[in-house]
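Throughout, protein chains are lettered first and strands after them, A, B, ... in sequence-line order, and every chain is numbered starting at 1.
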Amino acid sequence: MPELPDVAGFRSLLAAHATGQLIERVDVADAGVLRGITARQLQDSLRGSRFERPERHGKWLIARTDGPAILLHFGMTGSLQWLDSGAPLDRYDRVIFVTSAGELRYRDMRKLQGITLAHDRREEDGVLAGLGPDALGVTAGQFDDALQGRRGAIKATLMNQKIIAGLGNLLADEILWRACINPRRPASSLTAPERRELYGQMRRVLRASVRAGCVPSRPSWLTGARQQRHPTCPRCHATLCRGRIGGRTTMWCPRHQGR
DNA sequence: TCAGTTGTTTATAT
DNA sequence: AATATAAACAACTG
C-alpha cells in the first residue's frame with residue numbers, strides 16, 4: 001500500500017495517539033525488519049524515551065522521541081497500527097512499541113523495507129540523504145528544476161525518489177492520466193504548460209489521497225479502473241493500455257494520453 | 001503451477 | 001553521467 005498518502009496517515013495516527021507517551025518497552029517479534037541495528041540495541045536505546053511530534057519525508061516516517069528518532073519505511077505491504085495494550089498479536093506484527101496508553105505496531109507481510117534508528121540529526125540526514133524534495137511540499141519551480149534535463153520516461157522520473165520523494169506506481173499513473181501525458185514521454189520533452197498541468201494534477205491527487213489515507217480506488221479514478229478485469233478509462237471508456245515502465249506495470253488511456 | 005504485487009537496491013548493459 | 005532492465009528481497013493472491 002504505502003505511498004506518500006498512506007505514510008501521511010500513519011504519521012497522523014502516531015501523532016494522535018503516541019505523542020507524549022513514554023516507551024515502556026519495545027517487543028521485536030521479527031528482527032528481520034531491523035536495518036543496521038539489533039533488537040537489543042533498539043530496545044535499549046528507546047526504553048524510557050517519549051514520543052514527540054512525528055514527521056514524514058516522501059515515504060519515510062520519522063518518529064521522533066526525546067531520545068533517538070525511529071525511521072520507518074513500509075515497503076509494499078507495511079502499515080502502522082495503534083492498538084489497546086495486549087490486543088491479540090497479528091501474524092505480521094514485527095515490532096511493537098509499548099506505552100501505558102496503548103501499543104504502536106509496525107506490521108508488514110513482506111519484509112521489503114524496515115526500521116532503523118537515528119541518534120542525532122546527522123544520522124537522520126544520512127538515512128534520508130539523496131531523497132528529493134517531498135512531493136507535497138515541492139513548489140512549481142522546484143518541480144520544474146527536478147525534471148530539468150531528464151531524458152528518461154516521465155513516469156520513471158516521477159517515481160525516482162532522488163528526484164521527488166513520495167510518488168509510487170499508483171500515484172504516478174494516476175497523475176499522468178489526469179494530466180493527459182503519456183508515461184513514456186521523456187521528461188525533458190514536456191512543455192512548460194504540460195509541466196504546469198502535471199504539477200497541478202499532482203497536488204490535486206495528493207490532497208485527495210492524503211485525505212483518504214491512501215490512493216483511493218474510486219471508480220472515477222484510474223486507480224479504481226485498474227482493478228477491473230478488463231480496465232477501461234473512467235472518462236472515455238476506451239480500453240486502457242498496459243505496459244512496463246521503470247520496472248512497474250503501467251496503465252494509461254490511449255485516447256487521452258496517446259499511443 | 002505460474003504470474004503478478006502500492007518499494008528499493010544492486011548488478012549489468014547501453 | 002544517465003538510463004534501462006532484471007533480479008533479489010519475502011510472502012502472499014488469483
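- The pair A:Glu174-A:Arg218 does not count as a salt bridge, with every side-chain nitrogen at least 4.0 angstrom from each carboxylate oxygen.
- Minimum atom distance to the side chain of A:Leu112 is reached by C:dC9, of the listed C:dC9, B:dT6, C:dA11.
- A sub-4.0 Å separation between OP1 or OP2 of B:dT6 and a side-chain N or O of A:Arg248 is present.
- Under 4.0 angstrom from either OP1 or OP2 of C:dT3 there lies at least one side-chain N or O belonging to A:Arg150.
- Rounded to whole Å, atom P of C:dA4 lies 11 Å from atom CG of A:Asn160.
- Look at A:Lys59 and you'll find a side-chain N or O under 4.0 angstrom from OP1 or OP2 of B:dT8.
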Exercise for the section: Report the C-alpha separation of A:Gln21 and A:Thr19 in whole Å, then their side-chain angles, then the decisive distance to 0.1 Å, and conclude whether the side-chain hydrogen bond (donor to acceptor under 3.5 Å, both in side chains) test is met. Expected result: CA-CA 6 Å; A:Gln21 296 296 329; A:Thr19 302; over 6 Å; no
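- Residue A:Val7 is not grouped with residue A:Val210 when hydrophobic side chains (ILVMFWY) are merged at heavy-atom distances under 4.5 angstrom, including chains of intermediate members.
- Residue contacts for A:Ala156: at a heavy-atom cut-off of 4.0 Å it reaches no nucleic acid atom on any strand shown.
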Practice task
Take A:Phe74 and A:Tyr106, measure what ring pair (Phe, Tyr, Trp, His ring centres under 6.0 Å) needs, and give me the verdict at the end.
Solution key: CA-CA 9 Å; A:Phe74 299 91; A:Tyr106 177 84; 5.5 Å; yes
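- A:Arg185 places a side-chain N or O within 3.5 Å of a backbone atom of A:Ser189 that can act as its donor or acceptor partner.
- Side-chain contact of A:Lys155 with A:Asn182: a donor-acceptor pair under 3.5 Å is absent, judged by distance alone.
- Tracing side-chain contacts under 4.5 Å through hydrophobic residues (I, L, V, M, F, W, Y), one reaches A:Leu206 starting from A:Ile163; they form part of the same cluster.
- A straight line from CD of A:Gln113 to P of C:dA11 spans 14 Å, rounded to a whole angstrom.
- The listed nucleotides are B:dT5, C:dA2, C:dA11; the one nearest the side chain of A:Arg151 is C:dA2.
- Between A:Gln161 and B:dG7 there is no side-chain polar atom (N or O) within less than 4.0 angstrom of OP1 or OP2.
- Note on A:His73: every side-chain N or O is 4.0 Å or more away from OP1 and OP2 of B:dG7.
- Taking only side-chain nitrogens and oxygens, A:Lys111 never comes nearer than 4.0 Å to OP1 or OP2 of C:dC9.
- Out of B:dT8, C:dA11, B:dG4, the shortest distance to the side chain of A:Thr249 is found at B:dG4.
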Can you give me the N/O atom pairs linking the protein to nucleotides 10-14 of chain B at distances under 3.5 Å, or say none if there are none?
none

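- Between C:dT3 and B:dT6, the two C1' atoms lie 24 Å apart (nearest whole Å).
- Using bins of under 30°, 30° to 60° and over 60° for the plane-to-plane angle, the ring pair A:Trp60/A:His73 lands in the perpendicular bin.
- Residue A:Arg91 is in sugar-phosphate contact alone, with no base atom involved, counting any heavy-atom pair closer than 4.0 Å across all strands shown.
- Rounded to whole angstrom, the span from the CZ atom of A:Phe10 across to the P atom of B:dG7 amounts to 12 Å.
- Taking atom CG on A:Leu72 and atom C1' on B:dT8, their separation rounds to 16 Å, with Å as the unit.
- Using a 4.0 Å heavy-atom cutoff across all strands shown, A:Gly168 reaches sugar-phosphate atoms only and no base atom.
- Atom CG of A:Asp173 and atom P of B:dT6 are 9 Å apart (whole Å).
- Here the P atom of nucleotide B:dG7 and the CG atom of A:Leu128 are 18 Å apart, to the nearest Å.
- Two different hydrophobic clusters hold A:Phe10 and A:Leu83 under the rule that ILVMFWY side chains link at heavy-atom gaps under 4.5 Å.
- Put simply, CD on A:Gln148 is 13 Å from P on C:dA2, counting in whole angstrom units.
- As rounded to the nearest Å, B:dA3 and C:dA6 have P atoms that lie 14 Å from one another.
- A cation-pi arrangement is not found for A:Arg226 relative to A:Trp177, the charged atom failing to lie both closer than 6.0 Å to the ring centre and inside a 45° cone about the ring normal.
- Here B:dT5 presents its P atom at 8 Å from CG of A:Asn169, a figure rounded to the nearest Å.
- The cationic atom of A:Arg242 (NZ for Lys, CZ for Arg) does not lie both less than 6.0 Å from the six-membered ring centre of A:Trp252 and within 45° of the ring axis.
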Problem - 5'-to-3' dot-bracket of DNA chain C (Watson-Crick, G-U; under 3.5 angstrom; crossing pairs as [ ]; | other strand) - result: .||||||||.||||
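- Taking atom P on both nucleotides, C:dA1 is separated from B:dT8 by 24 Å, rounded to a whole Å.
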